[in-house]
Amino acid sequence: MKGHRDESGMVLDIRNLSSPARSVGLNRFTNESVEAAASVSGGKLHKWIAGSFCLLCILQAALNVSLRLALPLQDSMNKEREEQKRQLDYIASQLNFLTKEREELKRKLEDFAHYAQQGWLYFNGSFYYISSITKTWQDSRDDCLQRGAVLAIISNTEEQEFIRLQQKVMWIGLTDRETEGVWKWVDETPLTASFWYSGEPNNFKHRNEDCVVINHYYDYENNWNDAACENLNFWLCEKDM
Ligand code: 2F8
Ligand code: CA
């Protein structure tokens with residue numbers, strides 16, 4: 001039977017209805033159909049939303065896991081980069097240091113070649129020049145300065161020994177010209193280790209002996225003598241390397 005059930009469940013055959021009644025019946029049928037369709041698509045929408053929500057949750061969980069895995073990795077990469085940078089800085093500073101060291105060694109080598117060629121003697125970090133002519137103490141001092149050196153300053157027993165073995169009477173850079181009895185080296189340092197010959201300094205025969213020579217008593221470890229600064233003597237220059 002062709003017809004439609006109404007709300008009471010009765011079947012309505014609209015073909016037997018009058019025109020207005022048919023129209024009412026049709027309208028009612030159409031509204032019911034729309035509601036039914038809406039109810040069906042509402043259910044689907046709920047399912048779709050629920051499904052999407054689940055998918056979002058899964059995606060969020062996956063993202064959380066990825067981030068948790070990725071963050072420590074990022075952290076360790078950052079640390080590694082910092083360590084590499086630190087090492088690079090260290091290498092750069094070492095390179096800088098070694099470059100300066102090389103320049104310094106090159107300069108020293110050139111100095112060595114220069115002084116050795118000029119007949120200077122090398123001992124324990126210094127070059128020594130022994131003059132072949134004689135001068136007063138002051139002129140000797142000036143000569144050393146012109147050579148970029150100073151009248152020799154004797155700092156220890158080894159140096160005294162090296163100089164004594166040259167077996168030459170020579171001015172060294174020690175004087176009490178400023179204050180009688182106060183011996184000072186030409187670089188203004190006071191006298192600490194001294195190697196006076198027995199009885200020296202003596203201002204021999206009440207003369208003013210304010211400058212110091214290596215005496216001719218070469219067999220003695222202590223062989224300094226105070227002498228008149230105007231005397232003419234060989235002299236010894238020293239250049240620290
Ligand atoms: O020419 C002065 C000089 O004369 C002697 O040495 C050669 C004196 N030495 C002694 O008397 C031992 C020095 O003291 C003096 O300076
Ligand atoms: Ca003397």
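Atoms within a ligand are numbered from 1 in the order they appear, just like the ligands themselves.
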Nearest protein heavy atom under 4.0 Å from atom 11 (O) of ligand 1, yes or no: yes
Any protein heavy atom nearer than 4.0 Å to atom 5 (C) of ligand 1: no
The Ca ion (ligand 2) contact by N203, N, O or S atom under 3.0 Å: no
Proximal ligand 1 atoms for D226, defined as those under 4.0 Å from one of its heavy atoms: 16 (O)
Atoms in ligand 1 flagged as close to N225, the criterion being non-hydrogen separation under 4.0 Å: 3 (C), 13 (C), 14 (O), 15 (C), 16 (O)
Nearest-neighbour protein heavy atom for atom 15 (C) of ligand 1, which is reported as residue plus atom name and distance: E209 OE2, 3.4 Å
Parallel, tilted or perpendicular: rings of F123 and F162 (30°, 60°): parallel
Side-chain heavy-atom pair S126, K239 within 4.5 angstrom cut-off: no
Presence of salt bridge, E82 and K85, under 4.0 angstrom: no
Heavy atom of the protein closest to atom 7 (C) of ligand 1 (residue, atom name, distance): H216 CE1, 4.1 Å
Pairs where residues 156-166 contributes a residue and the test salt bridge (Lys or Arg N to Asp or Glu O under 4.0 Å) is met, not counting sequence neighbours: E161-R164
Considering only N, O or S atoms of E209, the one closest to the Ca ion (ligand 2): OE1
Short N-O contact, R107 and E110, less than 4.0 angstrom: no
Plane angle bin for W120 and Y115 - parallel if under 30°, tilted between 30 and 60°, otherwise perpendicular: perpendicular
Identity and distance of the protein heavy atom lying nearest atom 14 (O) of ligand 1: E200 OE2, 2.5 Å
At the Ca ion (ligand 2): angle between D226 atom OD1 and E200 atom OE1, to 10 degrees: 80°
Note, W185 side chain near L191 side chain (heavy atom, < 4.5 Å): yes
E83/K79 ion pair, N-O < 4.0 Å: no
Those atoms of ligand 1 less than 4.0 Å from some heavy atom in N202: 14 (O)
